[in-house]
Amino acid sequence: MEKIRITLPDQSVREFQSGVTGIEIASSISRSLEKEALAVSVNGKVRDLNLPVTSDSSLRIITFDSDEGREIYWHSSSHIMAQAIEELFPGTRFGAGPAIENGFYYDIDSPHSFTPEDFSKIEEKMKEISRRELDIRRRELSRDEAISFFKSTRPDPYKVEILETTIKEDDTVSVYNQGGFTDLCTGPHLPNTGRLKAVKVLSVSSSYWRGDASRQVMQRIYAITFPKQSLLDEHLFQLEEAKKRDHKKLGKQLNLFMFSPLVGRGLPVWLPNGTIVRRTLEAFLRDELLKRGYVEVITPHIGNLDMYRTSGHYPYYSESQFAPMKVEDEEYLLKPMNCPHHHQIYSNQPRSYRDLPLRLAEFGSVYRFEQSGELNGLSRVRGFTQDDAHIYCTHDQLKSELINAIELTQLVFKTFNMPVKTRLSFWDPENKDKYAGSPEMWEQSQQEILEVAQDMGLDYFIGMGEAAFYGPKFDFIVKDAIGRKWQLGTVQVDYVMPERFGLEYVGPENTKLKPVIIHRAPFGSMERFLSILIEHFAGNFPTWLAPVQVAVLPISDVFNEYAASVEKELAAAGIRVRLDLRNEKIGYKIRDWETQKVPYMAVIGGKEAESGSVAIRQHGQGDKGALPVSEFVQKLSSEIASRSLN
RNA sequence: GCUGGCAUAGCUCAAUCGGUAGAGCAACUGAUUUGUAAUCAGUAGGUUGCGGGUUCGAGUCCCAUUGCCAGCUCCA
């Protein structure tokens, strides 16, 4: 029989008989690799382990440690879950069941209405199917054969629809079979159901067949699986951690903000503690803006509807705005964005090229009608405040202004120790009529954005079809302390609004020219940013942001007077301090302030009163020893001024 | 908006088959004078989200409604 040469990732070359399978190659390398192998990549193409390799190839064994390995593992798991559900609840029909970032789901149409009580049954059945050690086998057949198979042999209208629409171009399709269960799938898949070791069904919710609200409602069952129980335990632990950080829960516990049905859904109310955090963030940004040549403005919360007709926002976005209100003979809109107001400030007076760039900044509150099902804590609200600014500049200034704006957002993320990736959001060239402005303008501004990203050495990628209707943008995607990704901050180029609003300036040649506008918001919205920050810090704000920075705790009322003098000294230095004179033991007071996540406690007893010092206790770290009061004030002041993360 | 789930004291939660709404913490009062994550005792706290219905009797069952949560759809 013919020999073939297989090149492994370490560049070693081994000879095998032609027709050797991936699993045989894995087992020739080591027992453990044989056990861990999920699929193979042959010349860059991912395939089933049990398919024969018949020519010289470069080959890589795929395990659970890689993204593609997890995807295959979870995709196969979704088939096993489908089989389990079919055995438990006959009559169920199956829609789509892909792997997702953390686990997988299957959209099903079933006479049974699933509740969390069914989860353990499904888990048990999945483990049972694993113990049956069923081979998972690929079979290729013509599309017509497949259609008749899913019409008569194994009736499933959803699979038929996929065959007749989504993949109608393909002549040959593949199905995978395990025991009595067969699913339409391109694969690849695990070789055997026995690979499934640990499983957790997580939740059930609803979805529409093909995401279309006019079509069949499906039940979507989410689950996750692992090749080892310990990996599942670890994952569940992390889910618990994320839950503990939930900003809605911490917002309540730390008295940061509230909601009231009487105020209205999606309309957050800021409590004194939350207001301190928010105002401190605003002050941080305002200082940085002023340093960078911005000027601050204030505009009203409503605007004449005609202004939004001019901007093109109305009626284009009317379904996501609060309905216009009629006043005398005019109509007004609760403002959904600040831009048009700022454009009016620009055109309030003639502008010369010498006036540019003009950088108008505003913490501007806007109102958008989000669908009720979309509302979520502070992350998705109907009234929020943007840290907005519009930069009006000449075309020559565009690049340096973009750099100026991007540097500010970078500073913000660095301050909170959040790693950031930049998405260059370009238009969708297949769908040009969604956008305003000429194709030439788009090509040009996208080119400029690309150059800026390269010049600044940004860690970037391109997102086709992610642009705003008026221009391309930079979007910043950050990672929080537990590795979750959030889209925050944006810098957008706009050639369209100057046109619509007839904005101009007088150039050096005494001709009228159009400025370019940059829209930018490093936080995006204060509300959403706060929600992310609360979860990022798990409520443990760094000292400069903490609502209360120090609690002064006398151990008995004998020391109240000295404690009050310490409080005074701290307060005089601008430190947010609280004096706890309650008639309680020191352990009680400490516990109470620890749960409030106050960064520092100054414990005061006889020794401290005598020596003019305080015993420092740091949140989460315990006793740090005594310091003279003046030194403590100095230490805190510098920690606050440097916005240290502790 | 759609689908599903949930709603009990300020907070976290209990209440068996439909049979007298309860605990811990917080609050208040008093005692205690305290050294690094909960001192002790007592008091008060409720139209069980709101509105209907079934029943001798509803926190519990049914209908409607408001809000919250998960997801879908949407996101200038």
Side-chain angles (χ1 to χ4, degrees), chain A residues 105 107 113-117 202-222 243 246 248-249 252-253 255 259-266 308 311-314 316-321 335-340 366 368-377 379-380 382 386 388 434-436 466-471 473 487 490 492 494 496-497 519 521 524-525 528 553-560 582-596 601-608 615-626:
Chain A
Y105 66 78
D107 280 348
S113 178
F114 286 84
T115 70
E117 279 146 39
L202 294 166
S203 63
V204 55
S205 71
S206 74
S207 65
Y208 301 108
W209 173 235
R210 315 203 123 182
D212 182 344
S214 67
R215 303 204 57 189
Q216 175 72 34
V217 173
M218 314 282 284
Q219 299 186 69
R220 175 170 296 181
I221 300 182
Y222 287 84
K243 231 186 199 169
D246 185 327
K248 298 181 285 287
K249 193 178 150 147
K252 192 178 259 184
Q253 188 190 331
N255 290 307
F259 287 91
S260 152
L262 276 183
V263 172
R265 300 179 75 176
Y308 300 104
S311 69
H313 288 106
Y314 189 88
Y316 195 81
Y317 287 106
S318 54
E319 78 288 351
S320 52
Q321 291 161 181
K335 79 171 170 189
M337 81 292 301
N338 303 299
C339 337
V366 299
R368 295 180 186 175
F369 183 77
E370 304 288 356
Q371 298 180 81
S372 57
E374 271 312 314
L375 302 175
N376 184 302
S379 13
R380 199 72 188 272
R382 285 180 175 163
Q386 294 177 310
D388 210 356
K434 265 173 68 183
Y435 304 93
E466 301 281 352
F469 79 89
Y470 49 72
K473 52 184 182 165
Q487 186 186 322
T490 175
Q492 315 182 348
D494 180 357
V496 172
M497 289 303 143
H519 305 244
S525 106
R528 194 170 111 87
L553 315 179
I555 64 174
S556 126
D557 57 15
V558 178
F559 311 111
N560 282 358
R582 288 177 298 178
N583 180 12
E584 294 289 352
K585 295 175 81 159
I586 192 65
Y588 177 93
K589 292 185 189 181
I590 285 169
R591 181 185 154 81
D592 204 29
W593 291 102
E594 284 283 352
T595 61
Q596 287 300 302
M601 293 174 222
V603 177
I604 284 166
K607 282 178 283 185
E608 289 75 22
I616 311 301
R617 189 191 160 93
Q618 197 171 349
H619 173 59
Q621 297 186 28
D623 196 347
K624 304 291 269 190

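In what follows, chains carry the letters A, B, and so on, assigned in the order in which the sequence lines appear, proteins first and then strands, with residues in each chain numbered from 1.
- In this structure, B:C11 and B:G24 make a Watson-Crick or G-U wobble pair, each of the two defining distances being under 3.5 angstrom.
- For A:Gln371, counting side-chain heavy atoms from C-beta on, the closest listed nucleotide (B:C69, B:C74, B:A37) is B:C74.
- Positionally, the nearest nucleotide of RNA chain B for A:Phe259 lies more toward the 5' end than for the other of A:Arg368 and A:Phe259.
- At a cut-off of 3.5 angstrom, the base of B:U34 holds no donor-acceptor pair with the side chain of A:Ser556.
- Remark: the separation of the C1' atoms in B:A58 and B:G51 is 15 Å, to the nearest Å.
- If you measure from atom CG of A:Leu202 to atom C1' of B:G5, you get 16 Å, rounded to the nearest angstrom.
- Within the nucleic acid shown, A:Gln386 has no heavy atom closer than 4.0 Å to any nucleic acid atom.
- The partner of B:U33 cannot be assigned: no Watson-Crick or G-U wobble pair with both contacts below 3.5 Å exists in any strand.
- Backbone-only contact: A:Leu375 has heavy atoms under 4.0 Å from sugar-phosphate atoms and none from a base.
- Judged by Watson-Crick or G-U wobble contacts below 3.5 Å, the nucleotide B:C68 has B:G5 as its partner.
- Among the protein residues, A:Gly606 comes within range of the nucleic acid bases, having at least one heavy atom under 4.0 Å from a base atom.
- If you measure from atom CG of A:Asp494 to atom P of B:A76, you get 14 Å, rounded to the nearest angstrom.
- Between A:Lys624 atom NZ and B:A37 atom P the separation is 15 Å, expressed in whole Å.
- For A:Glu608 against B:G35, a side-chain-to-base donor-acceptor contact under 3.5 Å is present.
- A gap of 29 Å separates the P atoms of B:C62 and B:A23, to the nearest Å.
- Taking the side chain as every heavy atom from C-beta outward, A:His519 and A:Tyr470 approach each other to under 4.5 Å.
- At whole-Å resolution of the value, CE in A:Met601 and P in B:G35 are 17 Å apart.
- If you measure from atom CD1 of A:Ile555 to atom C1' of B:A38, you get 17 Å, rounded to the nearest angstrom.
- Between A:Asp592 and A:Glu584, every side-chain heavy-atom pair lies at or beyond the 4.5 Å cut-off.
- With a cut-off of 3.5 Å on both Watson-Crick or G-U wobble distances, the partner of B:G51 is given as B:C63.
- Closest to the side chain of A:Gln321, out of B:A76, B:A70, B:U36, is B:A76.
- Comparing B:G49 with B:U12, their P atoms are spaced 14 Å from each other, to the whole Å.
- Residues A:Lys243 and A:Lys249 are not in side-chain contact: their nearest non-hydrogen atoms beyond the backbone lie 4.5 Å or more apart.
- Here the side chains of A:Glu319 and A:Gln371 are not in contact, with every heavy-atom distance at 4.5 Å or above.
- When all heavy atoms of A:Val366 and A:Met337 are compared, the pair lying nearest together is CG1-CA, 3.6 Å.
- Counting heavy atoms from C-beta on, the side chains of A:Tyr317 and A:Arg368 never come closer than 4.5 Å.
- You'll find that the side chain of A:Lys585 is closest to B:U34, out of B:U36, B:U34, B:G35.
- For A:Arg380 against B:C75, a side-chain-to-base donor-acceptor contact under 3.5 Å is present.
- Judged by distance alone with a 3.5 Å cut-off, a donor-acceptor contact links the side chain of A:Ser320 to the base of B:A76.
- At a threshold of 4.0 angstrom between heavy atoms, the contacts of A:Tyr105 with the nucleic acid are absent.
- Rounded to an integer number of Å, the gap from CZ of A:Arg591 to C1' of B:A26 is 12 Å.
- A:Arg220 comes within 4.0 angstrom of the backbone, heavy atoms only, and of no base.
- The A:Arg265 side chain lies nearest to B:G67 when the options are B:C69, B:U34, B:G67.
- Side-chain proximity of A:Glu584 to the nucleotides B:U39, B:G35, B:A37 is greatest for B:U39.
- A:Gly377 comes within 4.0 angstrom of sugar-phosphate atoms only, judged by non-hydrogen atoms across all strands, and of no base.
- The same atom, C1', is picked in B:U3 and in B:U20; the two are 40 Å apart, to the nearest Å.
- Glycosidic torsion of B:C50 falls outside 90° of 0, placing the base in anti.
- Between A:Tyr314 atom OH and B:A76 atom P there is a gap of 19 Å when expressed in whole angstrom units.
- Residues A:Ile555 and A:Lys589 form no side-chain contact, since every pair of their non-hydrogen atoms from C-beta on lies 4.5 Å or further apart.
- Within 4.0 Å of A:Tyr588, counting heavy atoms only, lie sugar-phosphate atoms of the nucleic acid but no base atom.
- As rounded to the nearest Å, B:A41 and B:U36 have P atoms that lie 22 Å from one another.
- Here the nucleotide nearest the side chain of A:Lys607, chosen from B:A37, B:G35, B:A76, is B:G35.
- Within 4.0 Å (heavy atoms only), A:Gly373 reaches at least one base atom of the nucleic acid.
- Look at NZ on A:Lys248: it is 10 Å from C1' on B:A70, rounded to the nearest Å.
- Using a 4.5 Å cut-off on side-chain heavy atoms (C-beta onward), A:Tyr308 and A:Gln321 make no contact.
- Checked against B:G35, B:A76, B:A70, the side chain of A:Ile586 finds its nearest nucleotide in B:G35.
- A:Asp592 comes within contact range of no nucleotide atom at all, as no heavy-atom separation falls under 4.0 Å.
- Looking at which nucleotide of RNA chain B each of A:Lys252 and A:Pro336 is closest to, the 5′-most match is held by A:Lys252.
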